[in-house]
Amino acid sequence: MKWLVAGAAAFLVTIGAANAQPPPPPNYAPIPPPRVEVVPPPPGGRVVWEPGHWHWNGYRYIWIGGRYVQIRPAYHHYVEGRWVWAPYQRRYVWSPAHWE
């Protein structure tokens, strides 16, 4: 079981690092490339590695390091942070990284 969790964690890190980040909206700085992270061994229990990601704090991108999170039934896939068009606000807004 531990090897399965470790394998899944390594897979998620590879997927997270390999995905191309969507471009930012016009007039925003480009999103920096993902940082390489060394994934520590899982602490035990039902956990999955949440890779680090860039987060827009309203002024600049800051790096949020990866961490293990408790597996929940609703965790189907990890979605990296990205800019999305908010039609009601008529502007782009930052959607932070999250699990869906």
Side-chain angles (χ1 to χ4, degrees):
M1 180 64 178
K2 286 184 180 181
W3 63 268
L4 182 61
V5 173
F11 176 74
L12 283 173
V13 169
T14 303
I15 293 297
N19 287 343
Q21 298 216 7
N27 303 322
Y28 282 88
I31 300 171
R35 290 185 178 174
V36 175
E37 295 184 298
V38 176
V39 180
R46 295 185 43 135
V47 295
V48 64
W49 178 255
E50 181 178 84
H53 60 277
W54 289 105
H55 172 76
W56 181 255
N57 70 359
Y59 301 100
R60 64 185 176 95
Y61 295 103
I62 58 170
W63 180 254
I64 307 293
R67 65 191 176 114
Y68 280 101
V69 295
Q70 200 69 26
I71 293 177
R72 296 199 174 113
Y75 287 178
H76 298 290
H77 66 280
Y78 181 75
V79 179
E80 293 188 18
R82 64 192 185 281
W83 290 100
V84 296
W85 179 253
Y88 295 112
Q89 297 178 28
R90 298 174 50 103
R91 65 184 179 98
Y92 285 94
V93 296
W94 179 254
S95 175
H98 61 277
W99 287 91
E100 288 184 345

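No hydrogens, no waters, no symmetry mates; every other heavy atom, side chains included, goes into these values.
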Nearest heavy-atom pair of [X] and [Y]: which atoms, and what distance?
| X | Y | answer |
| --- | --- | --- |
| Pro42 | Tyr68 | N-OH, 3.4 Å |
| Trp94 | His55 | NE1-ND1, 3.4 Å |
| Arg46 | Gln70 | O-NE2, 3.3 Å |
| Pro33 | Trp54 | O-NE1, 2.8 Å |

Other cluster members, Ile62 - Ile/Leu/Val/Met/Phe/Trp/Tyr, side-chain contacts below 4.5 Å:
Ile64
So which residues get pulled into Val93's cluster when ILVMFWY side chains under 4.5 Å apart are joined, directly or through others?
Val84
Consider only side-chain heavy atoms of I, L, V, M, F, W and Y, link residues closer than 4.5 Å, and tell whether Trp56 and Trp85 are in one cluster.
yes
Residue pair Val69 / Arg67, side-chain heavy-atom distance below 4.5 Å:
yes
Side chain of [X], backbone of [Y]: donor and acceptor closer than 3.5 Å?
| X | Y | value |
| --- | --- | --- |
| Glu100 | His76 | no |
| Glu37 | Gly52 | yes |
| Trp83 | Tyr92 | no |

